[in-house]
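Before any comments, here is the structure.
Note on naming: letters A, B, ... go to the chains in the order of the sequence lines (proteins, then strands), and numbering restarts at 1 for each one. Since we're looking at a predicted model, the values are computed, not measured.
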Protein chains: 2
Amino acid sequence: MSARATDERSGAHSTHRAVPREKALTRQAEDYLKVIYEIEQGGSPAATTDIAEQLGIAAASVSGMLQRLARLGLVKVERYRGARLSASGRLIALQLIRRHRIIESFLVTKLGYGWDDVHEEAERLEHAASADLVDRMADALGNPTADPHGAPIPTVAGRVDERRLASIADLPVGARARVVRMSDRDPELLRYLKKRGIVPGAILRLVEREPFDGPISLTVGRAKQSIGATAAAAVYVEKSARTDR
Amino acid sequence: MSARATDERSGAHSTHRAVPREKALTRQAEDYLKVIYEIEQGGSPAATTDIAEQLGIAAASVSGMLQRLARLGLVKVERYRGARLSASGRLIALQLIRRHRIIESFLVTKLGYGWDDVHEEAERLEHAASADLVDRMADALGNPTADPHGAPIPTVAGRVDERRLASIADLPVGARARVVRMSDRDPELLRYLKKRGIVPGAILRLVEREPFDGPISLTVGRAKQSIGATAAAAVYVEKSARTDR
DNA sequence: ACAATAAGTTAGTACGCACTAACTTATTTC
DNA sequence: GAAATAAGTTAGTGCGTACTAACTTATTGT
């Protein structure tokens, strides 16, 4: 069993500690770190409102939590300017993302989940799975480097390919590209794209783009498709003059 | 992501509800239900102190939680007398136990965990795994009816063999018995017993018992062992005149 | 440049779930 | 059966994490 919630999280046990010893974070704190990481990948510090929106909570709640995370040394907050992860916060975020992606891979490969339907389950499990379990899953999968959506899996040490990929929405007309990766957020959207052959590995060519976020025409294999701007922005690609492998 | 803690647990959404609609319980509430179930298996209502001890928290905390669980219709509390699960509380407890045991089985069979070392991991995962995931695990295992420690796995509907088994400590001198099941609580103890050949399925015979909780001598296969009362109480057996199967 | 709007923060509240201290009820023992 | 002990409850507190309302700071548009 072993319950006990609040107090075993504080962890004041050593004689002195320069850096506050972060033993175990709450689910919530972990989620904050993850979304801050993801927002920061966009280039700028994570704004309160953006965090709030990602988490589906009120902005006021975020202000409070950011202060606590700052106290824990996990983020650096500049008032009215947003938050950035500290080195330790970043590590935690990356470990969570590692967990998430390995779990997704495992569920798809070993338990028959669809890759369009796995996000939510992983979202809960990533907070409950031990590092050991995640490593075992990774081993069972042959230590993959990307998850079913094409997202790179960070190493235990927190190393990961952070190159920013272009999305279909960024592609110039006429370009040929390979789908590398897609957002795992919205199962509906993923199913929609899958039905149209837009999956990691697919080769496509952008045929035409209407202005004002209008429909984007492209060929996938030899089928012609037309998708909207939101869908296009969720598909990350790599330009390829020639089909490599 | 999706955080939001307190409020999505209340679940007042329908026009009217005779029975309070229990949407999702907290981890803690679930743990309470589980230990109440287990204590109740002993025959009498779960006493506050017993619950507190199992959960490693103060008795006062239990009093409070019992009132909340009673408000939710999950337990019936008689003041100063202890708590019993209601039908719905019992169902939830059994589903948790189902999760726990399937997860343990999965970890052992599919991920190479030792059966002596799996309890803690399952303890966390059982609160995070969806019913769907658990069913998939069960399928992948061929829908086993007992976990690696020999404990029966409840069905989705909450049916389970609740016969009370005798432990080695209850066995009369000279009796021959088959180990059916052992407590999964203490990994140390399990390793100790495993090393002595005392595992589910083993056949043993009680040779001698010293009084005052003294050592119990028994043969396991053709080896002779002597174990203490605590260890003996953790091993559940079924008497067998003749070795069946 | 300054008003309008957007973004962010503080203050006050609530609930979950733990704690300790003090009190009450049950049980045991002489 | 009364005193001693054990078990259980209430009261008050603290922390995490959410909320709304009211206020402050930044940004934007004319």
Side-chain angles (χ1 to χ4, degrees), chain A residues 1-12 20 22-36 39 44-72 74-84 127, chain B residues 1-12 20 22-36 39 44-72 74-84 127:
Chain A
M1 288 303 122
S2 100
R4 179 157 309 199
T6 337
D7 46 349
E8 81 179 343
R9 305 194 166 287
S10 32
E22 345 88 7
K23 284 252 66 165
L25 295 171
T26 60
R27 214 214 120 136
Q28 286 86 317
E30 290 185 340
D31 277 336
Y32 273 83
L33 295 179
K34 247 181 68 172
V35 324
I36 293 169
I39 295 170
S44 32
T48 301
T49 326
D50 294 350
I51 299 170
E53 199 195 319
Q54 288 297 308
L55 292 172
I57 63 179
S61 312
V62 174
S63 288
M65 179 64 113
L66 287 183
Q67 293 176 5
R68 200 139 32 75
L69 293 175
R71 246 198 292 124
L72 294 171
L74 300 172
V75 301
K76 273 184 263 301
V77 181
E78 239 183 295
R79 251 152 125 275
Y80 292 101
R81 282 281 140 78
R84 297 173 173 284
H127 301 288
Chain B
M1 289 303 127
S2 100
R4 178 159 309 199
T6 336
D7 47 348
E8 83 178 344
R9 305 196 165 286
S10 31
E22 342 91 8
K23 282 251 66 163
L25 295 172
T26 60
R27 212 213 121 136
Q28 286 87 318
E30 290 186 339
D31 277 337
Y32 273 81
L33 296 179
K34 248 181 67 172
V35 324
I36 294 169
I39 295 169
S44 33
T48 302
T49 325
D50 294 349
I51 299 171
E53 199 195 320
Q54 288 298 308
L55 293 171
I57 63 180
S61 311
V62 174
S63 287
M65 179 63 114
L66 286 184
Q67 293 177 4
R68 202 138 31 73
L69 292 176
R71 246 197 293 122
L72 294 171
L74 300 172
V75 302
K76 273 184 262 300
V77 182
E78 239 183 298
R79 250 150 127 278
Y80 293 100
R81 283 279 140 80
R84 298 174 172 282
H127 302 287

Any non-hydrogen side-chain atom of L33(B) less than 4.5 Å from a side-chain atom of V75(B)? yes

Could you report the tightest heavy-atom contact between [X] and [Y], atom names first, then the distance?
X      : Y      : result
L66(A) : A83(A) : CD2-CB, 4.0 Å
G82(A) : P45(A) : C-CB, 4.3 Å
V62(A) : Y32(A) : CA-OH, 3.8 Å
I39(B) : A46(B) : CG2-CA, 3.6 Å

Taking atom [atom1] of [X] and atom [atom2] of [Y], what is their separation to the nearest 0.5 Å?
X      : Y       : atom1 : atom2 : answer
S63(B) : R79(B)  : OG    : CZ    : 9.0 Å
E30(B) : H127(B) : CD    : NE2   : 5.5 Å
R68(A) : Q28(A)  : CZ    : CD    : 9.0 Å
I36(A) : D50(A)  : CD1   : CG    : 11.0 Å

Integer-rounded Å distance: [N] [atom2] and [X] [atom1]:
X      : N       : atom1 : atom2 : value
L72(A) : dG16(D) : CG    : P     : 8 Å
I57(B) : dT9(D)  : CD1   : C1'   : 14 Å
M65(A) : dT9(C)  : CE    : P     : 15 Å
E30(A) : dT17(D) : CD    : P     : 10 Å
E53(B) : dA7(D)  : CD    : C1'   : 13 Å
I51(A) : dT17(D) : CD1   : P     : 14 Å
Q28(B) : dC19(C) : CD    : P     : 11 Å

Of the candidate nucleotides [options], which contains the atom at the shortest distance from the side chain of [X]?
X      : options                   : answer
T26(A) : dA18(C), dC19(C), dT17(D) : dT17(D)
A60(A) : dA18(D), dT20(D), dG16(C) : dT20(D)
S63(A) : dA18(D), dT9(C), dC17(C)  : dT9(C)
R79(A) : dC17(C), dT10(D), dT9(C)  : dT9(C)

Can you sort out the partners of A29(A) under side chain to side chain contact (heavy atoms under 4.5 Å, CB included), two or more places apart, ordered by chain and number? L25(A), T26(A), M65(A), L69(A)

Would you indicate, yes or no, if dT9(C) has its OP1 or OP2 atom less than 4.0 angstrom from a side-chain nitrogen or oxygen of Q67(A)? no

Measure all distances between protein nitrogen or oxygen atoms and nitrogen or oxygen atoms of nucleotides 27-29 of chain C, and list the pairs falling under 3.5 Å.
none

Under 4.0 Å, heavy atoms only, any strand: does T48(B) hit a base, just the sugar-phosphate, or nothing? sugar-phosphate

With sugar-phosphate meaning primed atoms plus P, OP1 and OP2, does E78(A) contact a base, only sugar-phosphate, or nothing at under 4.0 Å between heavy atoms? nothing

By nearest-nucleotide position on DNA chain D, the 5'-leaning member of A59(B) and R68(A) is A59(B)

For nucleotides 2-4 of chain C, which of its nitrogen or oxygen atoms have a protein nitrogen or oxygen under 3.5 Å away, and what is each distance?
none

